Amino acid sequence: MRDLDRATILFCLMTPLCFAGVALQAQEKPIGVEVEMIQSDEVKLPAEFRVALYENLVQQLHRKGTFENVYRDGDRKAAGRPDTIVLHTNVKGFKQGSERTRQVTTVAGATSIHVHCRFSDTEGHTLLERDIEGKVHFFGGNLKATSDFAKKAASVARGITIPAHPKAADRGATLDQPASASMR
């Protein structure tokens with residue numbers, strides 16, 4: 001009887017641990033990120049800001065150490081890797097301030113840039129979307145707003161996980177029908 005009680009207690013203690021392992025395997029941290037070129041569909045963005053946004057973003061993603069690999073747009077090493085996410089950026093707003101006004105008044109002349117960031121897996125499924133603002137209020141050049149944006153975007157990227165890929169049999173499933181019915 002004692003052995004049965006011990007086995008029951010052991011079973012009760014181990015069962016949640018087994019399910020916790022399954023839940024942990026359902027999502028994984030991405031190893032790499034591919035940074036696509038900065039898009040500016042709605043706003044006319046000066047070339048120096050576009051380049052500074054891209055370069056600061058790549059630099060901050062390297063610096064934060066969240067990813068083992070940071071790929072630039074079009075890098076062939078990133079193609080088809082399931083452990084890599086893609087960062088799409090689109091500038092939605094831009095206000096170029098005045099460095100001189102900021103130096104004199106410290107309350108006027110702020111530069112701000114609003115960027116819509118979309119993180120997706122390599123198949124194009126959105127993992128996270130966020131609007132991020134970079135700004136410089138007091139001291140520094142106008143391009144410092146791009147650095148502020150890059151720091152914030154790299155921090156947001158830290159929390160992204162990739163859902164575990166479903167089994168090949170489940171890929172054809174829809175919400176209305178089970179996977180076995182869709183494979184017929």
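All of these numbers come straight from a predicted model, not from anything done at the bench. Heavy-atom basis, side chains included; hydrogens, waters and symmetry copies ignored.
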Return the minimal non-hydrogen interatomic distance between Thr122 and Thr84, and the atom names on each side.
->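 It is CG2-O, 3.3 Å.
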Check Asn142 against Val136 and note the closest heavy-atom contact, atom names and distance.
->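 Smallest interatomic distance, heavy atoms only, reads O-CG1, 4.2 Å.
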Do the non-hydrogen side-chain atoms of [X] and [Y] ever get within less than 4.5 Å of each other?
{"X": "Ile85", "Y": "Phe67", "result": "yes"}
{"X": "Asp121", "Y": "Val86", "result": "no"}
{"X": "Val115", "Y": "Asn90", "result": "no"}
{"X": "Pro30", "Y": "Asp83", "result": "no"}
{"X": "Gln39", "Y": "His88", "result": "no"}
{"X": "Val33", "Y": "Thr66", "result": "no"}
{"X": "Ser112", "Y": "Lys95", "result": "yes"}
{"X": "Leu57", "Y": "Thr89", "result": "yes"}

State plainly whether one hydrophobic cluster holds both [X] and [Y], where clusters connect Ile, Leu, Val, Met, Phe, Trp and Tyr through side-chain heavy atoms under 4.5 angstrom apart.
{"X": "Ile31", "Y": "Phe119", "result": "no"}
{"X": "Val43", "Y": "Met37", "result": "yes"}
{"X": "Ile132", "Y": "Ile113", "result": "yes"}

Under the ring pair (Phe, Tyr, Trp, His ring centres under 6.0 Å) rule, collect the residues that match up with Tyr54, sequence neighbours excluded.
->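 None.
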Could you pull out all residues at least two apart from Tyr71 that satisfy ring pair (Phe, Tyr, Trp, His ring centres under 6.0 Å)?
->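 Residues passing ring pair (Phe, Tyr, Trp, His ring centres under 6.0 Å) with Tyr71: none at all.
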Salt bridge (Lys or Arg N to Asp or Glu O under 4.0 Å) pairs, two or more places apart, involving residues 35-53 | Glu42-Lys92
Not counting sequence neighbours, list each pair that qualifies as a salt bridge (Lys or Arg N to Asp or Glu O under 4.0 Å) and has a residue in residues 68-80.
-> Glu55-Arg72
Measure the [atom1]-[atom2] distance between [X] and [Y] for me, rounded to the nearest 0.5 Å.
{"X": "Ile162", "Y": "His125", "atom1": "CD1", "atom2": "NE2", "answer": "12.5 Å"}
{"X": "Asn69", "Y": "Glu34", "atom1": "CG", "atom2": "CD", "answer": "11.5 Å"}
{"X": "Leu87", "Y": "Arg118", "atom1": "CG", "atom2": "CZ", "answer": "10.0 Å"}

Going by the rule side-chain hydrogen bond (donor to acceptor under 3.5 Å, both in side chains), which residues pair with [X] if we only count those two or more places apart in sequence or in a different chain?
{"X": "Gln96", "answer": "none"}
{"X": "His116", "answer": "Glu129, Asp131"}
{"X": "Ser40", "answer": "none"}

Could you give the side-chain donor-acceptor pairs of residues 146-156 under 3.5 Å, partners two or more places apart or in another chain?
{"residue": "Thr146", "atom": "OG1", "partner": "Asn56", "partner atom": "ND2", "Å": "2.8"}
{"residue": "Thr146", "atom": "OG1", "partner": "Leu143", "partner atom": "O", "Å": "2.5"}
{"residue": "Asp148", "atom": "OD2", "partner": "Lys135", "partner atom": "N", "Å": "2.9"}
{"residue": "Asp148", "atom": "OD2", "partner": "Lys152", "partner atom": "NZ", "Å": "3.2"}
{"residue": "Lys152", "atom": "NZ", "partner": "Glu133", "partner atom": "O", "Å": "2.9"}
{"residue": "Ser155", "atom": "OG", "partner": "Lys151", "partner atom": "O", "Å": "3.2"}

What residues, two or more places apart in sequence or in another chain, satisfy salt bridge (charged side-chain N to carboxylate O under 4.0 Å, His left out) together with Arg63?
-> none
For the pair Thr111 (side chain) and Gly97 (backbone), establish whether a donor and an acceptor sit closer than 3.5 Å, ignoring hydrogens and angles.
->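 Confirmed, Thr111 side chain pairs with Gly97 backbone.
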